Visitor: 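First, the structure itself, so that you have it in front of you.
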Amino acid sequence: MNEFEIAPFKLTRGAFYILDQTKLPESEEYLQIKSKEDIYDAISKLKVRGAPAIGVAAAYGIWVATEEIDVDNFPDFIAAFLKIKDYIGESRPTAVNLLWALERMENKLSGIGNEMNFLNETKFSKVRIRERLFEEAEKIRMEDEAACYAMGEHGLTLLKPGMGILTHCNAGTIATSKYGTCLAPVYLGTVRKYDFKVFADETRPLLQGARLTAWELQKAGIDVTLICDNMASIVMKNGWIDAVVVGCDRLAANGDGANKIGTSGVAILAKEYGIPFYMYVPTSTIDLLTPTGSDIKIEERDGEEITKMWYEKPMAPEGVKTYNPAFDITDAEYITAVITEKGIVYPPYDVNLKKLFEDEK
Ligand code: MRU
């Protein structure tokens, strides 16, 4: 696999930077994360976005933020850490990777505490603890990269050379550590001369498809055609789409999946046209503690994203009511298969998703 020109994260001389995705596609700017407020702001304003990338950014972000903890003993350090964790954990509600990654960092910290007790170590070293937290953030990033690569390999077994592929939102390399989730097989297939034709829904209102997917695929030399969201059915009817691939922000135990607003409509259309609909879900995005899609909290965002943002002048009457949910739930019945790093999962999801975690018991 060729190296990617795009790096969603950078670590330079002990400092953590994210690619500011709100600036794309005009400019590639990296933003240094220096505090808990910076990481909260970056996640809530979608400077870093996409479920796996949010998790990785939160892990590094909490490591950065622990620099501000000014205490001289371990219990006080844990107490301060937990406050920062709660704060960062509030930055966005739907992608489970945020809390998943913060939990991993907390577990790492508890492990360090247990080791200190075991070794009867009384000397408190913030520097040493922070080194270990950094190692955990690195591990989360590398595991995510490996998971995306594995999803690419599994996903590619479902696709054939020359296929037309429709995708919604951005679940590409910048939504993860590398390769993306549902775009990983597109990248891997491209290296192997599959010559896919990708159609990218623009993805209103924040245009992740237009600004991010079209940008990153074009940059990688992949055949990509941008369409408006309401054009998905015509490209399907024209016979141009052989598979739909999307990412996921939280997959419930019964296989209902939250993803970018508009995904469920695409899934319903795909079923109507007999086109397979594949949801790419690393195990870090599967939430077996959430029974069904109706139990997933859906983020609602400012209505100005619909009425004003992107336009030179307002495009709706002043004061009009808006409803701006950032995600919707695709019911399990519309999902042909769930692609994870551990393999492809088919219905019945309530039975088969659990099996993925059996070796962890
Ligand atoms: O609001 P966003 O841009 O964070 O929404 C992102 C999505 O819905 C992605 O499809 C999902 O996070 C999967 S990213 C690999």
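Along the sequence shown, residues are numbered consecutively beginning with 1. The structure presented is a predicted model; accordingly, all values stated were derived computationally and were not measured. Order of appearance sets the numbers: ligands from 1, and atoms from 1 within every ligand. Computed over heavy atoms, backbone and side chain alike; hydrogens, waters and symmetry mates excluded.
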Visitor: Could you tell me whether ligand 1 has any atom less than 4.0 Å away from a heavy atom of Tyr280?
Guide: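 The answer is no: ligand 1 sits nowhere under 4.0 Å from a heavy atom of Tyr280.
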Visitor: Of the protein's non-hydrogen atoms, which lies at the shortest distance from atom 4 (O) of ligand 1, and what is that distance?
Guide: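 Going atom by atom, the protein heavy atom closest to atom 4 (O) of ligand 1 ends up being Arg92 NH1, 2.8 Å.
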Visitor: Taking both backbone and side-chain atoms of Pro52, is any N or O found less than 3.5 Å from an N or O belonging to ligand 1?
Guide: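 Looking only at distances, the answer is no, because the N/O contact criterion of under 3.5 Å is not met.
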Visitor: Does the ring centre of Phe277 sit less than 6.0 Å away from the ring centre of Tyr334?
Guide: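 Between Phe277 and Tyr334, which both carry aromatic rings, the centre distance is not below 6.0 Å.
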Visitor: If we count only N and O atoms by modelled type, under 3.5 Å, do the side chains of Asn97 and Ser284 hold a donor and an acceptor together?
Guide: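 Result is yes, a qualifying pair exists.
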Visitor: At what distance is the nearest protein heavy atom to atom 15 (C) of ligand 1, and which residue and atom is it?
Guide: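 Of the protein heavy atoms, Thr181 OG1, 3.2 Å lies nearest.
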Visitor: Go through ligand 1 atom by atom and flag the ones less than 4.0 Å from a non-hydrogen atom of Gln208.
Guide: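 Near Gln208, meaning under 4.0 Å from one of its heavy atoms, ligand 1 has 1 (O), 2 (P), 3 (O).
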Visitor: For Asn170 and Arg49, test the side chains for any donor-to-acceptor distance below 3.5 angstrom and give the result as yes or no.
Guide: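 Distance-only check passes for Asn170 and Arg49.
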Visitor: Examine the proximity of ligand 1 to Lys260 and report which part, side chain or backbone, both or neither, has a heavy atom under 4.0 Å away.
Guide: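 Near ligand 1, Lys260 shows its backbone as well as its side chain.
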Visitor: Pull out every atom of ligand 1 sitting under 4.0 Å from any heavy atom of Ala171, numbered as shown with elements.
Guide: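 Ligand 1 atoms under the 4.0 Å threshold to Ala171: 14 (S), 15 (C).
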Visitor: Can you confirm, on distance only, whether ligand 1 has an N/O atom lying under 3.5 Å from any N/O atom belonging to Arg49?
Guide: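 Looking only at distances, the answer is yes, because the N/O contact criterion of under 3.5 Å is met.
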Visitor: Does Ala95 have a heavy atom less than 4.0 Å from any atom of ligand 1?
Guide: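 Outside the 4.0 Å threshold, so no.
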Visitor: Please say whether Asn259 places an N or O atom under 3.5 Å from an N or O atom belonging to ligand 1.
Guide: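 Such a contact does occur with ligand 1.
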Visitor: Check this for me - ligand 1, Gly50, N or O atoms closer than 3.5 angstrom, yes or no?
Guide: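 Yes - when backbone and side-chain N and O of Gly50 are compared with those of ligand 1, one distance drops under 3.5 Å.
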